[in-house]
Each structure stands twice: as C-alpha cells, then as structure tokens.
Number of protein chains: 2
Amino acid sequence: MSDIKYNNKWFKSGLELLNEVLYGKWKFIIIWNLTDKPLRFSDLRKNIPSITDRMLSLQLKELEEEGFVERIVLEGNPPKIDYKLTEKSQGLLPALTALESFGRNLVQNKPPYKKVLSQEIPLPLSEDQESFFDML
Amino acid sequence: MSDIKYNNKWFKSGLELLNEVLYGKWKFIIIWNLTDKPLRFSDLRKNIPSITDRMLSLQLKELEEEGFVERIVLEGNPPKIDYKLTEKSQGLLPALTALESFGRNLVQNKPPYKKVLSQEIPLPLSEDQESFFDML
DNA sequence: CCGCATCCGGCTTGATACTG
DNA sequence: CAGTATCAAGCCGGATGCGG
C-alpha cells in the first residue's frame with residue numbers, strides 16, 4: 001500500500017486521512033440522516049435523540065466548512081434553514097450503508113459463519129419485532 | 001427506519017449504536033491494519049505512525065473488551081503478543097474497505113475545502129498540487 | 001528494544017440554561 | 001425554530017518511567 005499525501009502530511013491509509021478530514025463523534029450520523037433529503041436543525045435533533053443542540057450546531061458548522069454539508073437559507077417568515085449533502089459526501093454513502101448494516105447486525109448475536117442469503121431477508125423489520133429478542 | 005434496542009438503550013440507526021459500541025479515534029484504523037494478519041504492538045505502531053504508545057495500548061484494550069480483537073500470547077523467550085481480529089470484526093471489513101477507498105479518493109479532489117475569504121489570493125500552484133505528482 | 005502505566009495539559013463532548 | 005453561553009466531564013497527545 002502506498003502512502004498518501006494530503007495537505008502536506010503523509011498518511012499510511014485512507015482511514016487515517018479520513019480521521020484528519022472528518023473527525024467528530026456525530027458526523028457520520030448526521031450525514032447518514034441527510035441521505036434521503038435535506039433536513040432542518042430540528043429534524044436532525046429529532047432523528048438523533050442523543051445529540052445535544054450544542055454538538056449538532058458545532059458538527060454541522062464543521063461539516064459545512066469541510067464541504068460535506070451545505071447550509072441553505074430559505075427566505076420567508078420565519079426563514080427556514082435546510083442542511084443538504086454536497087456531492088463530496090455522496091462518496092461516503094456506500095461506506096455508511098455498510099456501517100449502518102453492521103451496527104444493526106450487532107443486535108442479533110448471530111455467529112457470522114452462519115451464512116444468510118440476502119435475498120431471503122425480508123425488508124424492514126416491523127417495530128415490534130425487536131422487542132422479541134430483547135426479553136433477555 | 002425502525003428503532004434498535006441494544007443494552008437496554010434505543011437507537012435510531014445502526015450508526016448511533018456503533019458509536020456506542022465502538023467509539024474511539026483509532027479503532028477503525030487498528031482493525032483495518034489487522035485485516036490481513038495478526039500483528040504485534042510494534043508492528044501496529046509502525047503502520048500507524050501518528051498514534052502514541054499510550055493510545056495504541058488503550059484502544060487495543062478496549063477493542064479486546066468489546067470483542068473485536070483477540071490478544072494472543074505466544075510463549076517463548078521473549079514471549080510475543082499478537083493482536084488478531086475476531087469473527088465479530090470481520091463484518092466491519094466491507095465498511096472499512098469503503099471508508100478506506102473514500103479516504104484515498106479525497107486526494108484527487110481539491111484539498112482545502114475551507115472557505116478562504118480571498119478574491120485577492122491568486123489561483124496558482126498550491127503546495128498540495130504536488131501531491132498529484134507524488135502519487136505517481 | 002517491547003508493552004505498557006502514570007501524570008499533566010489541552011481539546012472534544014456533555015448538561016443545562018438561555019436568546020432572537 | 002435555530003441556535004449560543006457557560007461550565008463540567010471525559011478523551012486524547014506528549015513526556016516520562018518501568019520491568020522484562
């Protein structure tokens with residue numbers, strides 16, 4: 001694997017570089033929530049219950065500076081503010097999809113060597129279905 | 001999207017859950033470095049130049065507790081210690097591959113995405129543009 | 001050298017309150 | 001609704017030390 005140079009620094013992997021460019025506890029989650037469509041501050045807060053106003057504000061600001069999110073002011077009374085993904089963050093979506101999937105699979109402690117055919121997996125679980133597993 | 005329950009807590013996405021289970025600045029990078037084969041402490045330190053002994057030690061310990069990495073003591077004089085991925089972390093590899101790829105692709109795009117308040121700064125060659133040639 | 005442990009300072013994040 | 005302000009807690013970096 002060759003090294004990578006970015007901003008006059010050398011990195012031994014794209015992951016290290018990404019750590020430099022996009023470090024922040026909530027950034028992946030925010031981007032993930034914006035995949036379908038732009039959202040407002042309050043929508044994001046509702047979709048990410050454990051984030052605080054402060055962190056949402058800070059990380060959105062950084063995401064904007066880093067070019068991953070665009071802040072769109074819609075004139076009106078009251079004016080509304082949309083946060084929208086840029087082209088740059090589109091490239092992250094495959095990775096985030098894979099991370100999302102991995103995170104969801106952590107719930108069922110299935111041994112990974114039990115292969116599951118993806119065609120057989122029904123689409124989303126109904127909301128009650130998880131409580132079944134959680135009665136430990 | 002349905003909610004997920006894990007350790008008596010509710011999450012609205014697998015990414016949030018993952019943040020709870022696997023938070024740490026260096027964990028993805030460490031796992032990524034262990035994909036091919038088990039490595040020793042010093043090998044990891046060599047592959048991740050910007051990590052300190054302290055952080056490598058801490059994050060390895062947490063990764064072990066969280067079940068993503070196994071610590072293998074090889075008897076001998078001196079005894080050697082290998083760090084090896086568990087089955088659990090195999091599921092992360094697709095995501096890490098995608099993140100690695102995204103990180104590497106960031107180089108080709110114009111690097112400093114930060115807003116620079118400058119009509120006055122001329123466009124010519126920035127230092128970063130050499131990286132284009134350095135990659136060859 | 002190897003694999004940590006300890007201490008300290010600084011940066012990141014959390015909790016709560018408050019504003020236009 | 002879309003954030004700030006302030007303070008406290010926790011995570012991280014750097015230096016140092018230590019037994020093997």
Side-chain angles (χ1 to χ4, degrees), chain A residues 9-12 15-31 33-34 37-66 68-84, chain B residues 9-12 15-31 33-34 38-66 68-84 114:
Chain A
K9 288 186 182 177
W10 287 95
F11 301 92
K12 287 208 169 296
L15 282 169
E16 278 180 88
L17 197 162
L18 198 56
N19 231 350
E20 174 103 354
V21 174
L22 192 65
Y23 182 59
K25 183 168 181 178
W26 301 98
K27 290 183 185 170
F28 281 179
I29 298 176
I30 291 172
I31 292 176
N33 273 278
L34 294 176
K37 57 182 182 306
L39 292 179
R40 313 240 290 284
F41 193 91
S42 52
D43 297 322
L44 283 167
R45 193 171 37 190
K46 198 184 321 170
N47 290 354
I48 315 173
S50 47
I51 200 172
T52 61
D53 284 3
R54 171 187 150 71
M55 284 313 297
L56 181 52
S57 177
L58 283 174
Q59 305 256 306
L60 278 172
K61 195 175 299 177
E62 290 183 22
L63 283 168
E64 194 189 351
E65 290 168 356
E66 293 153 353
F68 288 94
V69 161
E70 197 179 351
R71 188 173 183 275
I72 298 176
V73 180
L74 303 162
E75 300 296 346
N77 208 335
K80 305 185 173 191
I81 296 168
D82 267 5
Y83 291 94
K84 183 188 171 215
Chain B
K9 289 186 182 175
W10 286 95
F11 301 93
K12 287 207 170 299
L15 283 168
E16 278 180 89
L17 197 162
L18 198 56
N19 230 351
E20 174 102 354
V21 173
L22 193 64
Y23 181 58
K25 182 169 182 179
W26 300 99
K27 290 184 185 169
F28 282 178
I29 298 175
I30 291 171
I31 292 176
N33 273 276
L34 294 176
L39 292 178
R40 315 241 298 283
F41 193 92
S42 50
D43 298 322
L44 284 168
R45 192 173 38 190
K46 200 185 316 173
N47 289 355
I48 315 171
S50 48
I51 199 172
T52 61
D53 282 5
R54 171 187 148 74
M55 284 314 296
L56 181 52
S57 178
L58 282 174
Q59 307 256 310
L60 278 172
K61 191 179 298 175
E62 290 183 21
L63 283 168
E64 195 190 350
E65 290 168 356
E66 294 153 350
F68 288 93
V69 161
E70 196 178 350
R71 192 173 182 275
I72 297 177
V73 180
L74 303 163
E75 300 297 346
N77 208 336
K80 305 185 173 189
I81 298 170
D82 267 6
Y83 292 94
K84 182 187 172 217
K114 291 202 174 183

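The analysis underlying the following values was restricted to heavy atoms, covering all of them including side chains, and did not include hydrogens, waters or symmetry mates. Residue numbers begin at 1 in each chain, while the letters A, B, ... track the order of the sequences.
Summarising the geometry, the separation between CE on B/Met55 and P on C/dG10 is reported as 18 Å, rounded to the nearest angstrom. When rounded to the nearest whole Å, the span between OH of B/Tyr23 and C1' of C/dG14 equals 11 Å. In this structure, A/Glu20 atom CD and D/dG13 atom P are separated by 11 Å, rounded to whole Å. B/Asp43 places its CG atom 11 Å from the C1' atom of C/dC2, with the value rounded to the nearest Å. Protein atom CD of B/Glu62 is 14 Å distant from nucleotide atom P of D/dG10, rounded to whole Å. A/Lys46 has its NZ atom 7 Å from the P atom of D/dC1, to the nearest Å. Note: CD1 (A/Ile51) to P (C/dA15) measures 12 Å, nearest angstrom. Atom CG of A/Asn77 is separated from atom C1' of C/dG20 by 13 Å (rounded to the nearest Å).
Scanning both residues, A/Asn19 and B/Lys25, for their nearest heavy atoms gives ND2-O, 2.7 Å. Nearest heavy-atom pair, B/Ser50 versus B/Trp26, reported as atom, atom and distance to 0.1 Å: OG-CH2, 3.6 Å. Nearest heavy-atom pair across A/Ile29 and A/Asn33 is O-ND2, 2.9 Å.
Considering only the side chain of B/Arg45, C/dC2 comes nearest among C/dG3, D/dC1, C/dC2. Taking only side-chain atoms of A/Arg54, from C-beta outward, the nucleotide of C/dC4, D/dC12, D/dT6 with the closest atom is D/dT6. Looking at the side chain of A/Arg40, the nearest of the listed nucleotides D/dA2, C/dA15, C/dC2 is D/dA2. Comparing D/dA2, C/dC2, D/dG13 against the side chain of B/Trp26 picks out D/dG13 as the nearest. Looking at the side chain of B/Asp53, the nearest of the listed nucleotides D/dC12, C/dG3, D/dG14 is C/dG3. Minimum atom distance to the side chain of A/Gln59 is reached by C/dT13, of the listed C/dT13, D/dG3, C/dG3. Taking only side-chain atoms of A/Thr52, from C-beta outward, the nucleotide of C/dA15, D/dG13, C/dC4 with the closest atom is C/dA15.
Taking 4.0 angstrom as the limit, A/Lys25 places none of its side-chain polar atoms (N or O) nearer than this to OP1 or OP2 of D/dC11. Contact annotation: A/Lys61 side-chain N/O to D/dT4 OP1/OP2 distance is under 4.0 Å.
Interatomic distance, CD1 of A/Ile81 versus CD1 of A/Ile72, reported as 11.0 Å (0.5 Å rounding). The structure places NZ of B/Lys27 at 5.5 Å from CG of B/Leu63, a figure rounded to the nearest 0.5 Å.
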